[in-house]
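Notes follow the structure.
So that the names make sense, note that chain A is the first sequence line, chain B the second, and so on, each numbered from 1. Bear in mind that the values here come from a model prediction, so they are computed numbers and not experimental data.
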Amino acid sequence: MVRAGAPMQPNQYRDIRLEKLEKLKALGLDAWPRKAKRTHGIAQLAAAYADAEAWPNEKLEGLGLSVSAMGRVLTIREMGKSVFAHLTENGEKLQAFFRKDDVAEPGWDVLKLLDMGDFISVTGPLMRTKTGELSIRVKEVQFLSKALLPLPEKWHGLQDKEQRYRQRYLDLISNGDVLKTFRTRSRIVSAVRRYMEDQGYLEVETPMMQPIPGGATARPFITHHNALDMPLYLRVAPELYLKRLIVGGFEKVFEINRNFRNEGLSVRHNPEFTMMEMYEAGSDLRDMMTLTENLLSTVAREVMGSEQLPWGEQVISYAAPFRRLTMKDAIAQYGAIDRHQLEDGDSVRTLAKSVHIEDVETKTVGTLLGDLFEHYAEKQLIQPTFITDYPIELSPLTKALEGDDRFVDRFELFIGGMELANAYSELNDPIDQMGRFQAQMDEREAGNDEAMLLDMDFVTSLEHGLPPTGGEGIGIDRLVMLLTNSASIRDVILFPLMRPMKPSEAADNTE
RNA sequence: GGGCCCUUAGCUCAGCGGUAGAGCAGCGGCCUUUUAAGCCGUUGGCCGCGGGUUCAAAUCCCGCAGGGCCCA
């Protein structure tokens, strides 16, 4: 939309600021100097001297200290021959206090040309104002960068969601919580990585462009390699490569990276998203449960300071252990359905029809159980819950349960009504795996374009021997949503996918 | 994919058949400890785009675009 910034278009604000820029130059100033004069970060000063009791004005002035700090001008309050401004740097604010008699030439003239959004550096002693706010009594001003376009309104911030996502920098400048959320995201990823390393896992990187996309039932994005003249796919999961690494002798590996799935967008789905996958030789699903509980409770404690965190109107407890429930029990419990009804194919079909599930006649009983689970239970699983015993049709890479080959040794972890994690006792029987791939190929023939493709090299790797292995994927974006109480995945991805603006509007941004 | 809702000044929003409005921001004044500073004055609009209905459309109808929420 035209509102989404039209930088090179003339407008009232830009023209006036361009004039001010010329006046700055006329004062003999470099409007875009190469380096800022800076002795302290704003956060550093705030942390050291914010305490008004420990640092009353007399004590601050008694320091005889002169500091230089830089920041973006957020507010300007002009009071005749004195001016107050807030500078911001990295989400922290500091007040600058200018008095005409204090400021060295050409500081006062510079001040007259200052707009909100500009960057300046100020130098002078620290002081505390009458109202007790830590400030710099400015003796010297250095102009650092002119903002030609105005900032969004100062106390409502930027509200238009479209513009917030398209011009995230404006969102970050004017909505304080946004910067905080993304700093928290960084700390969450860091804590997850630290935890995995502490457990002896090795971080690896596997292909994001794959000749055969595998490891998840999802439609891939396709691209093309010119020199080799071959199609390549953006990965939907790293799974098959990570398992090859276990075949190759690694004991514990993990990868935190992007996956790409060619599907719709929603508050829980972005086409590219960040996933952690981990695999451990010799372990199984139970080990993955324990790892997951400890990981989540540790990260919640370390980053958020508590295992009890708000989620909308509710509170989620990340304290281990998490609840465990089989898929059938979940359907029975949340659908108030007699457990025996789920043991018989005909009654499952009848039930599925009664809740308007599509294509009931052509789907397998296992698939329908998955649908019924989604229908009755998924949204209700607010507290962390491991759902186990998945139908084999839904799980082509997972070992069957002992004694019942209609179901597999898999869990999905649900929190806040969302699928957060997915784990298997990995299928390591190459002959069984080949049969499962065959079943997927049949599904593909039948029209399911999310069904997996045969990856023969992966089967070959299994023929060389994969030890018993537990594996899991955890959706990092969703984890950040949960821990930061964010309702939409777009609020935890800096630049979520947006449809491009129309050419006439996009031109405004490319000139 | 289906349903509902939104799009008006740089930003936040009113207005919902009869001359386009407010606050903030901007511009010009006054003000040497303010902090949503204050006071006086003032500029700024293809009312998302395209059709239609009407004497008259920001307002009603249809289509399109972008976005949001709910459902699949």
Side-chain angles (χ1 to χ4, degrees), chain A residues 1-7 9-20 23 52 57 60-61 73-88 93-103 107-108 111-118 124 126-138 147-167 170-171 173-175 263-269 312 352 355-360 370-371 374-375 378-379 417 487-491 496-506 508:
Chain A
M1 319 207 71
V2 179
R3 282 176 295 113
Q9 298 288 314
N11 75 44
Q12 182 192 189
Y13 294 87
R14 193 164 181 276
D15 290 346
I16 287 164
R17 286 169 180 235
L18 281 172
E19 283 171 27
K20 288 181 177 175
K23 288 178 185 165
N57 189 44
L60 279 173
E61 300 206 325
V73 176
L74 262 198
T75 58
I76 302 173
R77 290 177 296 283
E78 218 176 327
M79 304 232 356
K81 295 189 179 61
S82 68
V83 173
F84 294 87
H86 272 121
L87 302 187
T88 178
K93 274 188 256 181
L94 182 66
Q95 183 167 263
F97 176 42
F98 306 80
R99 289 202 304 179
K100 190 165 192 278
D101 298 340
D102 287 345
V103 186
W108 195 252
L111 213 52
K112 295 290 165 199
L113 300 173
L114 202 60
D115 285 302
M116 295 188 301
D118 293 350
L126 288 170
M127 59 167 287
R128 200 168 289 284
T129 62
K130 206 159 68 178
T131 52
E133 180 164 353
L134 181 69
S135 308
I136 293 182
R137 184 190 299 277
V138 180
L148 296 180
L149 294 170
L151 293 177
E153 206 244 17
K154 64 184 167 190
W155 70 81
H156 294 102
L158 188 64
Q159 297 298 320
D160 185 303
K161 287 200 180 190
E162 177 178 0
Q163 200 174 350
R164 288 180 50 202
Y165 299 142
R166 286 194 194 279
Q167 296 184 279
L170 292 180
D171 193 25
I173 291 167
S174 56
N175 298 321
E263 58 193 19
L265 289 72
S266 82
V267 287
R268 288 183 293 277
H269 298 85
V355 295
H356 310 296
I357 288 168
E358 290 178 353
D359 306 323
V360 169
D371 291 344
E374 273 187 40
H375 177 82
E378 182 165 344
K379 292 269 179 340
S488 169
I489 199 167
R490 294 191 193 101
D491 294 328
L497 183 69
M498 300 288 283
R499 205 183 284 269
M501 292 182 288
K502 282 186 290 182
S504 61
E505 293 163 355
D508 295 342

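Look at C4(B): its Watson-Crick or wobble partner, with both distances under 3.5 angstrom, is G68(B).
In this structure, CD of E153(A) is placed 6 Å from C1' of C11(B), rounded to the nearest angstrom. One can place CE of M127(A) at 10 Å from P of U34(B), the figure rounded to the nearest angstrom. Between the C1' atom of U12(B) and the CG atom of L158(A) lies a distance of 10 Å, rounded to the nearest Å. Regarding L113(A), its CG atom lies at a distance of 10 Å from the P atom of C27(B), rounded to whole Å. Between the CG atom of D171(A) and the P atom of C11(B) there is a distance of 14 Å, rounded to whole Å. One atom, CG of L111(A), and another, C1' of U32(B), lie 13 Å apart when rounded to the nearest Å. Separating the CD atom of E19(A) from the C1' atom of C27(B) is a distance of 10 Å, rounded to the nearest angstrom. If you measure from atom CG of D115(A) to atom C1' of G26(B), you get 9 Å, rounded to the nearest angstrom.
For C11(B), neither phosphate oxygen OP1 nor OP2 lies less than 4.0 angstrom from any side-chain nitrogen or oxygen of K154(A). The side chain of R77(A) contributes no N or O atom lying less than 4.0 Å from OP1 or OP2 of U34(B).
Here the separation of C24(B) from G68(B), taken at their C1' atoms, is 25 Å to the nearest Å. For the C1' atoms, the distance from G63(B) to G45(B) is 25 Å, rounded to whole Å. C47(B) sits 15 Å from G17(B) when the C1' atoms are compared, rounded to a whole Å. When the P atom is used for both G15(B) and A22(B), the distance is 15 Å, rounded to whole Å.
Here the NZ-CG distance, from K81(A) to D101(A), works out to 9.0 Å after rounding to the nearest 0.5 Å. Summarising the geometry, atom CD belonging to Q159(A) is positioned 9.5 Å from atom NZ belonging to K161(A); distances are rounded to the nearest 0.5 Å.
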Restricting both atoms to N or O, compile the protein contacts to nucleotides 28-31 of chain B shorter than 3.5 Å, with distance only.
unit_1, atom_1, unit_2, atom_2, d
C31(B), N3, G80(A), N, 3.0
C31(B), N4, G80(A), N, 3.3

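Checked against salt bridge (Lys or Arg N to Asp or Glu O under 4.0 Å), R164(A) has the following partners two or more places apart in sequence or in another chain: D171(A). F97(A) pairs by the ring-ring contact (aromatic ring centres under 6.0 Å, His included) definition with F84(A), not counting sequence neighbours. The salt bridge (Lys or Arg N to Asp or Glu O under 4.0 Å) test applied to D102(A) returns R99(A), R137(A), not counting sequence neighbours.
No hydrogens or angles were tested; on distance alone, nothing pairs the side chain of S82(A) with the base of U33(B) as donor and acceptor under 3.5 Å.
Residue order along RNA chain B, read from the 5' end via each residue's closest nucleotide, puts L114(A) first among L114(A) and E133(A). Toward the 5′ end of RNA chain B lies the nearest nucleotide of H156(A), the other residue of the pair H156(A) and G132(A) mapping further downstream.
Looking at E153(A), its side chain does come within 3.5 Å of a backbone N or O of H156(A) through a donor-acceptor pair.
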Reading 5' to 3' through nucleotides 67-72 of chain B, protein heavy-atom contacts under 4.0 Å coded B for base, S for sugar-phosphate only, - for none: SSSS-S
At under 4.0 Å between heavy atoms, which parts of nucleotides 41-47 of chain B does protein reach? Answer with one letter per nucleotide, 5' to 3': B base, S sugar-phosphate only, - none. --BS---
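For E78(A) and K112(A), the salt-bridge test passes: some basic side-chain N is under 4.0 Å from an acidic carboxylate O.
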